[in-house]
Amino acid sequence: MKDNSLDELFQDLLENESLFKNKEVLRPSYTPKSLPHRSAQINNLATILVSALRGDTPSNILIYGKTGTGKTAVARHVGIELERKSDSLNSPCVVLYINCEVIDTQYRLLANLAKQFGQDVPMTGWPTDQVFLKFKEAIDTKDQVIIVILDEIDKLIKKGDDVLYNLSRINTELSRAKLSMIGVSNDLKFTEFLDPRIKSSLGEEEIIFPPYDAEQISDILRQRAEIAYKSEVLDEMVIPLCAAFAAQEHGDARRALDLLRVAGELAERESEAQVKEKHVRYAQEKIEVDRVVEVVQTLPTQSKLTLYSVVLLRDYGHRNVTTGEVYNIYRQICNNVDMDILTQRRVSDLISELDMLGILNAVVVSKGRYGRTKEIVLSVPIGSTRRVLLEDYRLNMLADFKPVITAQMQL
DNA sequence: CCTCCACCGGAACGTGAGGAGT
DNA sequence: ACTCCTCACGTTCCGGTGGAGG
């Protein structure tokens with residue numbers, strides 16, 4: 001890619017043969033036909049749901065597990081098989097999948113459910129209980145078992161648990177149809193905020209998905225790579241390395257698949273005939289940077305200012321800094337960009353939020369006579385962080401701002 | 001063993017935006 | 001148009017605390 005005209009560039013890129021056979025297989029949306037190392041969970045789930053085939057109401061189920069442990073894949077997979085089996089047995093059974101991150105209000109959820117049964121519900125405008133009624137009518141027209149998979153159910157709870165309450169007692173109001181729910185969550189503690197009644201009804205059965213270890217991730221990757229890549233284009237170290245990286249990230253298979261895909265794309269971009277170890281390393285870096293950019297960009301302004309204070313302190317040689325120091329710099333910055341200065345109490349909370357987002361690492365330590373404070377370390381690449389922060393129009397005049405650093409912590 | 005620093009972090013409260021009901 | 005809510009975001013107030021130095 002030198003001074004070629006665009007035409008030649010396209011030509012080059014076209015002639016450059018793809019390393020992929022079917023890239024879609026590596027995307028998170030793809031549901032594979034077999035799921036290695038999840039047979040225990042599949043069996044468990046199937047055992048509970050089998051009563052649907054006998055026309056009974058299966059217990060409600062809660063599925064827990066960290067990201068990329070195959071929760072969604074297993075739930076969908078079993079759902080599909082169940083529907084197929086119910087067809088051949090002629091015992092009607094419908095499995096619906098709802099992602100609560102996209103459909104995140106009570107109204108939209110009910111409207112969506114009703115719509116899947118052919119009801120015409122406007123996007124907005126109706127009272128919620130009317131939509132609920134419509135949905136009940138729609139499903140109660142015949143003997144059938146409805147199973148609703150609520151993915152990322154914790155997102156739904158944040159906006160109130162009315163929906164779950166309504167859905168969990170819907171069976172008492174139905175005469176012919178039966179409904180049960182499968183909640184999928186990656187937050188182990190989210191039921192704490194739930195009304196106890198819902199909690200017990202929803203969590204009749206619970207299935208835990210443990211993280212994969214490196215060995216298991218390798219198996220998954222091999223299976224997918226078979227379909228995704230042309231033969232012989234993967235260096236033998238590629239899969240183990242992807243697996244190792246992903247295993248460090250609490251056994252996230254999705255991450256491993258991303259790595260494998262991005263590594264391939266990078267190799268392709270360099271017109272290499274083979275995906276090598278270095279491409280995996282580049283991919284690891286690229287994914288991390290992309291994540292940081294994404295997260296930092298969408299931060300509220302006050303959090304950006306707080307984060308920039310930490311960045312500045314690192315410039316001046318402070319490897320780990322304290323809340324007091326950050327607040328000191330933060331105030332100077334606020335004056336400089338004409339923003340309201342928040343209290344230290346609030347900034348302390350902002351720091352904790354940044355910690356939870358994985359941008360910082362804040363640990364409370366006691367320095368004896370010199371008090372007790374959070375020790376804060378930046379846990380993302382400083383260069384790209386600064387760049388993204390300065391892209392914000394409210395911060396860009398800070399590009400060459402020099403803070404006054406006092407010798408000792410004070411004020 | 002006691003002190004005392006420099007914060008932590010819980011609790012209660014204020015405010016303004018936005019939605020639902022009437 | 002109106003009240004009544006809830007929610008996110010902040011503030012004020014304040015009791016609590018691990019451990020270096022006396």
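A, B, ... follow the sequence lines: proteins, then strands. Residue 1 opens every chain.
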Pairing residues for D56(A) by the salt bridge (Lys or Arg N to Asp or Glu O under 4.0 Å) criterion, not counting sequence neighbours: none

Extract from the structure each pairing of a protein N or O with an N or O of nucleotides 14-19 of chain B at less than 3.5 Å, listing the distance.
none

Side-chain ion pair, K278(A) and E272(A), N-O less than 4.0 Å: yes

Just to be sure I understand the rule, does I351(A) reach a base, reach only the sugar-phosphate, or reach nothing, if contact means heavy atoms closer than 4.0 Å? nothing

In whole angstroms, how far is the P atom of dA6(B) from the OH atom of Y327(A)? 16 Å

d(CD, Q344(A); P, dG10(C)) in whole Å: 16 Å

Please report, rounded to the nearest Å, how far the C1' atom of dA6(B) is from the CD atom of E325(A). 12 Å

Any salt bridge (Lys or Arg N to Asp or Glu O under 4.0 Å) pairs touching residues 28-39 of chain A, not counting sequence neighbours? none

State which residue, out of I376(A), I333(A), L350(A), fulfils the side chain to side chain contact (heavy atoms under 4.5 Å, CB included) condition with T306(A). L350(A)

Intra- and inter-strand pairs of DNA chain B in dot-bracket (Watson-Crick or G-U wobble, both distances under 3.5 Å; | for another strand): ||||||||||||||||||||.|

Set out, line by line, the N/O atom pairs under 3.5 Å between protein and nucleotides 9-13 of chain B.
from	atom 1	to	atom 2	distance (Å)
dG9(B)	N7	R345(A)	NE	3.2
dG10(B)	N7	R345(A)	NH2	3.0
dG10(B)	O6	R345(A)	NE	2.8

Got a second to check how far N320(A)'s CG is from E325(A)'s CD, nearest 0.5 Å? 9.0 Å

Test of understanding: with salt bridge (Lys or Arg N to Asp or Glu O under 4.0 Å), list the residues that count as partners of E205(A), not counting sequence neighbours. none

Would you please indicate if the ring centroids of F209(A) and Y64(A) are separated by under 6.0 Å? no

K21(A) meets the side-chain contact (heavy atoms from CB on, under 4.5 Å) criterion, sequence neighbours left out, with K230(A)

Which parts of nucleotides 15-22 of chain C does protein reach within less than 4.0 Å, heavy atoms only, written one letter per nucleotide 5' to 3' as B for base, S for sugar-phosphate only and - for none? -BBBBB--

Go through the side-chain N and O atoms of Y330(A) and Q302(A) and say whether any donor and acceptor fall under 3.5 Å apart. yes

Listed pairs under 3.5 Å, donor-acceptor, residues 214-223 of chain A side chains, sequence neighbours left out:
from	atom 1	to	atom 2	distance (Å)
Q216(A)	OE1	D213(A)	N	3.0
S218(A)	OG	A214(A)	O	3.2
D219(A)	OD1	R222(A)	NH2	3.0
D219(A)	OD2	H37(A)	NE2	2.7
Q223(A)	NE2	S34(A)	O	3.1
Q223(A)	NE2	S34(A)	OG	3.2

Report yes if at least one side-chain N or O of T323(A) is closer than 4.0 Å to OP1 or OP2 of dC7(B); otherwise report no. no

Side chains of residues 39-48 of chain A: which donor-acceptor partners sit under 3.5 Å, not counting sequence neighbours?
from	atom 1	to	atom 2	distance (Å)
Q41(A)	NE2	I208(A)	O	3.4
N43(A)	ND2	S39(A)	O	3.4
T47(A)	OG1	N43(A)	O	2.5

With sequence neighbours left out, what residues match E226(A) under salt bridge (Lys or Arg N to Asp or Glu O under 4.0 Å)? none

Quick one: side chains of residues 382-390 of chain A, donor-acceptor pairs under 3.5 Å with protein atoms, not counting sequence neighbours, listed by atom name and distance.
from	atom 1	to	atom 2	distance (Å)
T385(A)	OG1	P381(A)	O	2.5
R386(A)	NH1	D315(A)	OD2	2.8
R386(A)	NH2	D315(A)	OD1	3.4

Without decimals, in angstroms, what is the distance between D340(A) CG and dT11(C) P? 8 Å

